[in-house]
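Let me begin by presenting the structure, written as structure tokens, before commenting on it.
Note that this is a predicted model, so its numbers are computed, not measured. Hydrogens, waters and symmetry mates play no part in the numbers below; they use all other heavy atoms, side chains included. All ligand and atom numbering here is 1-based and tracks the order in the structure.
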Amino acid sequence: MSSALIPIEKALDFLLRAAEENPHVIDVALPEALGCVLADSQRATFDVPDFDNSAMDGYAINTADLDKAGVTIPVSQTIAAGHVGESLAPGTAARIFTGGKIPQGADAVVIQENTRAENGQVSIMEMPGKGDNIRLRGHDIEKGSEVLTRGHQLRAQDLGMLASLGISSVSVKRPLRVAIINTGDEVIAPGQPLGPGQIYDSNSFTLEGLLKGMGMEVIKKGIVEDSLSSTEAALTSAAGDADCIISTGGVSVGDEDHVRQAVENLGELGLWKLAIKPGKPFSYGKVTGVPFFGLPGNPVAVFVTFAMLVRPYLLKIQGCRTLTAPSLQIKSGFTLASANSRLEFIRVRLQTNANGEQVLEAFGNQGSSIMTSLSWADGLAEIPLGETVTAGQFLKFIPFTGLL
Ligand code: AMP
Ligand code: MG
């Protein structure tokens, strides 16, 4: 790519074209499949439910037997959920509970509230219509229908639905193994005392959380000092263990930025200046054939470049159908007087204004090192390149919840 600022759409397009779906497939038990990506579409092998059953507690009757409300008939049997009754004797009612199998010959259930029971008889105060309060066989899922498509990332409710089909394990894409490397002589791990000029590593924790939220495995390669040999050693080790490598820091053009040289020595690297803020320096390449992302060092830039570019790339390798995070159009509650020369991602929170409308409020300090802006915010608002913002103007809002 050229040395001009690269629009994010172009960068994303390039990355998604380069992303090759990982072929590895594993079978996992249902509880472990949360967050995994289906390797095959799932079809129902039977109807759910596979028998007509009562939606309510009440009395199963045959509407043709009874022509008016207020009629009193004998209760011939009781059918609880999980039990099978006999055919309904003509002119009688079957006491039935929610989930109970509708007996042969019944075509409606009178809800308990519309009856009066006494001495083995029941009076029907309000006549139901034919089919009322009966959940028909297959009304949730029809035998043979596709319930989930290959590439779907399994959520809690999907596991429940698969379980309703009697499925106890599924074939999924093996979760990607992503190695994280954090460069910087100034960076140390939390838990140790902070020396002069040092800072704690925050990037690896943010990335680890994001990756795990995406159902991926994380291999932390730790903090790497700013030297060519250490950077090369960490990258080589990462390439041996992982499907993809992400580094933070050391990717600019300063004397202590060795990532570029190290990756070039071990493979290939494209250093891009993205037309986004934060996150201008960004690199993508291969380390001995393994995809590599060199993210900036500043924590907010790490978050934004990961969310906008690395995430969709990884999801594509993982075999996901949906690559982009959902977004909403929400009115801005703030103004921005000066236009940007890059697409800007502002940390915002949802607020209710005096008119009861939901609007976006921006964090005060939008610097790329301000970690509190990310913790404070509910998501990112996109400020199009070259535009100012007036209060009430609709902005694209990307909730953080959609990034996990
Ligand atoms: P660099 O790109 O290496 O020049 O880093 C840019 C900025 O990000 C510097 O202020 C670094 O101290 C900071 N930084 C680098 N790595 C980390 C990290 N793992 N956690 C928090 N801040 C970092
Ligand atoms: Mg550095």
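- Here the heavy atom of the protein found nearest to atom 17 (C) of ligand 1 is Asn203 ND2, 3.1 Å.
- Below 3.5 Å of separation, one finds an N or O of Ser202 facing an N or O of ligand 1.
- Considering only residues two or more places apart in sequence or on other chains, Ser332 meets the side-chain hydrogen bond (donor to acceptor under 3.5 Å, both in side chains) condition with none of them.
- Remark: minimum distance from atom 8 (O) of ligand 1 to any protein heavy atom is reached at Gly297 C, 3.0 Å.
- Only the side chain of Glu186 comes within 4.0 Å of ligand 1, judged by heavy-atom distances.
- Taking distance alone, with nitrogen or oxygen atoms compared against 3.5 Å, Gly250 approaches ligand 1 more closely than that limit.
- For Phe293 and Phe306, the gap between ring centers reaches or exceeds 6.0 Å.
- Atom numbering of ligand 1 starts at 1 in the shown order; those under 4.0 Å from a heavy atom of Val187 are 16 (N), 17 (C), 19 (N).
- For ligand 1, the atoms closer than 4.0 angstrom to any heavy atom of Thr183 are 16 (N).
- Using a 4.0 Å cut-off between heavy atoms, Ile199 contacts ligand 1 through its side chain alone, with no backbone atom that close.
- The proximity of Asp201 to ligand 1, defined as any non-hydrogen pair under 4.0 Å, involves the side chain as well as the backbone.
- Applying the side-chain contact (heavy atoms from CB on, under 4.5 Å) criterion to Pro278, with sequence neighbours excluded, gives Val300, Ala301, Val304, Arg347, Ser368.
- Ala11 and Leu274 get closest at one heavy-atom pair: CB-CD2, 3.7 Å.
- With no hydrogens or angles considered, a side-chain donor-acceptor pair links Lys220 and Ser204 at under 3.5 Å.
- Two rings, from Tyr284 and Tyr313, have their centers less than 6.0 Å apart.
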